[in-house]
Protein chains: 2
Amino acid sequence: MKDEKKRGRPRAFDAKAALGKARDVFWDRGFAATSLDNLSAATNLNRPSLYGAFGDKEDLYLDTLEGYRQDGMDVLTEALDPSLPLRDNIARVYAGALAIYLHGETAARGCLLIGTASVEAVQHERVREVLGRSLNDFDDEIEKRMRLGVERGELPQSADPQMLARLASAVMHSLAVRARAGDSRETLEAIARSGVELICGSAGHA
Amino acid sequence: MKDEKKRGRPRAFDAKAALGKARDVFWDRGFAATSLDNLSAATNLNRPSLYGAFGDKEDLYLDTLEGYRQDGMDVLTEALDPSLPLRDNIARVYAGALAIYLHGETAARGCLLIGTASVEAVQHERVREVLGRSLNDFDDEIEKRMRLGVERGELPQSADPQMLARLASAVMHSLAVRARAGDSRETLEAIARSGVELICGSAGHA
DNA sequence: CATATTTTGTACCGTTTCGCATTAAATTCT
DNA sequence: AGAATTTAATGCGAAACGGTACAAAATATG
């Protein structure tokens with residue numbers, strides 16, 4: 001299903017790469033402040049090509065969000081490798097997040113979803129849907145690990161896996177916001193460490 | 001310094017009220033997606049009047065952010081009334097935040113700063129400055145209460161007030177994001193309760 | 001009452017915006 | 001080779017954008 005030769009003129013660009021370039025622009029400027037000219041310049045595609053390949057600006061934006069969400073889930077599940085101790089898992093989740101959040105040029109970009117989709121979420125229902133679903137998927141993935149932690153005795157039997165997961169996510173949400181607000185890497189790493197400590201608690205010593 | 005009769009034609013509007021209306025528009029749409037026409041319609045002021053009273057769009061936006069920050073600090077200090085137990089303080093902080101965050105019409109608006117200033121923070125240095133300063137002020141105010149909590153024995157001597165404060169803030173940041181993402185009031189209140197539990201910990205029983 | 005000063009309202013300017021119409025180019029199918 | 005089909009590139013066009021010039025209105029001062 002990959003080389004089914006299509007009929008007309010073949011594309012002269014890699015749609016995946018173009019989507020990545022578009023993502024960077026949205027990441028820096030947000031959806032509303034990004035113009036098609038910005039996207040056109042960054043992708044080296046004319047507006048009609050952009051339009052033909054991805055639809056209008058909102059379609060393209062939603063595509064980048066979905067891709068980001070998918071990539072994020074991949075990083076997350078890798079960080080949550082169940083052969084490692086829970087404490088290491090959560091630390092790796094935060095480290096992975098910070099590696100992404102602190103990648104800015106002028107200023108750190110934080111999280112694409114939290115940093116740029118949140119604004120549009122109120123007015124654009126589709127954006128709100130993607131954002132909500134992404135946050136939930138993250139919570140759910142962490143919750144699975146927490147549940148395992150209870151079974152294994154890494155967490156006390158009384159622990160509430162769902163709530164612990166949501167609070168673990170909360171620390172990450174805060175890292176995303178603070179990164180975009182200009183906090184230093186040192187500060188963010190300190191918060192991440194304290195977060196691990198608080199979430200995994202003294203129970204982690206076992 | 002209030003009734004110094006100014007020379008020319010007097011203003012036919014209340015600048016404070018207009019600023020409040022403008023804030024609502026920015027809150028729903030964000031800075032970039034808000035047009036001067038939107039602001040003009042909401043405030044019942046013509047664009048020249050807006051410009052004359054508040055400067056350009058960015059100036060006006062920064063004004064609304066500063067006002068919001070100030071109001072938020074007032075709510076915060078009131079919630080942190082030191083005559084109450086620490087646990088109640090933090091619960092009140094979250095309750096106060098949720099009362100603000102869930103006030104939307106179509107969808108919940110979350111926090112003006114986290115929800116709309118975060119996007120602009122990367123490109124607009126002045127916005128990033130206000131956002132960063134606001135988050136820090138919040139952290140500092142909570143930290144003072146945490147420090148008092150250690151002195152009083154509400155928290156263990158080993159507790160790190162600064163980090164506890166930052167994590168308490170983190171839960172609030174998450175509430176802000178999740179509100180805008182469409183989470184239900186019940187979910188948010190559950191997260192707030194769990195947050196109080198985790199932050200104030202078993203130490204709160206004392 | 002005349003003058004100075006500030007606000008108000010209309011109208012406008014130049015730019016930028018998104019999206020598309022149209023034509024040229026590249027490839028497959030017959 | 002020629003028809004059909006898809007993409008590429010130029011450029012257009014109507015609307016919205018932020019901001020302001022300008023004249024009328026409203027007040028204080030002399």
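Per chain, numbering begins at 1; letters A, B, ... match sequence-line order.
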[atom1] of [X] versus [atom2] of [N]: gap in Å, rounded?
{"X": "R11(B)", "N": "dT8(C)", "atom1": "CZ", "atom2": "C1'", "value": "12 Å"}
{"X": "F31(B)", "N": "dG18(D)", "atom1": "CZ", "atom2": "C1'", "value": "10 Å"}
{"X": "L45(A)", "N": "dT10(D)", "atom1": "CG", "atom2": "C1'", "value": "15 Å"}
{"X": "N44(B)", "N": "dG9(C)", "atom1": "CG", "atom2": "C1'", "value": "14 Å"}
{"X": "D14(A)", "N": "dT7(D)", "atom1": "CG", "atom2": "C1'", "value": "16 Å"}
{"X": "R47(A)", "N": "dT16(C)", "atom1": "CZ", "atom2": "C1'", "value": "10 Å"}

What pairs with S118(B) under side chain to side chain donor-acceptor pair (under 3.5 Å), at least two apart in sequence or on another chain? none
Hey, does the side chain of Y61(A) reach the backbone of G30(A) with a donor-acceptor pair shorter than 3.5 angstrom?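 Side chain of Y61(A) to backbone of G30(A), a donor-acceptor pair under 3.5 Å: no, none is there.
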For L36(A), does its backbone N or O pair with a side-chain atom of S40(A) as donor and acceptor, under 3.5 Å? no
Look at the side-chain N and O atoms of [X] and state whether any lies under 4.0 Å from the OP1 or OP2 oxygen of [N].
{"X": "S35(B)", "N": "dC17(D)", "value": "yes"}
{"X": "N46(A)", "N": "dA8(D)", "value": "no"}
{"X": "Y51(A)", "N": "dC18(C)", "value": "no"}

So, using side-chain contact (heavy atoms from CB on, under 4.5 Å) as the criterion, who are the partners of N44(A) when residues are at least two apart?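 Once residues adjacent in sequence are excluded, N44(A) has no partner under the side-chain contact (heavy atoms from CB on, under 4.5 Å) criterion.
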Option passing side-chain contact (heavy atoms from CB on, under 4.5 Å) with Y101(B) (candidates M172(B), R185(B), R109(B)): M172(B)
Name the nucleic acid region contacted by T34(A), choosing base, sugar-phosphate or nothing; use a 4.0 angstrom heavy-atom cut-off, strictly under. sugar-phosphate
Please tell me which of P10(B) and A32(B) maps to the more 5' nucleotide of DNA chain D, matching each residue to the nucleotide holding its nearest heavy atom. A32(B)
Using a distance-only criterion (donor-acceptor N/O pair, under 3.5 Å, no hydrogens), is the base of dT27(C) paired with the side chain of R9(A)? no
Taking D37(A) first and then R47(A), would you say they form a salt bridge - that is, a charged N and a carboxylate O separated by under 4.0 Å?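 Yes, D37(A) and R47(A) are salt-bridged.
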Do R126(A) and E120(A) meet the salt-bridge criterion of a basic N to acidic O distance under 4.0 Å?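 No.
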Out of dT28(C), dC17(D), dG19(D), whichever nucleotide has its closest atom nearest the side chain of L36(B):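 Comparing dT28(C), dC17(D), dG19(D) against the side chain of L36(B), the answer is dG19(D).
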Nearest-nucleotide 5' precedence on DNA chain C, P48(A) against A33(A):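 Looking at the nearest nucleotide for each, A33(A) comes out on the 5' side.
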Heavy atoms within less than 4.0 Å of DNA chain C: which residues of residues 53-63 of chain A have one? Give them sorted by number.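 Correct list: D56(A), K57(A).
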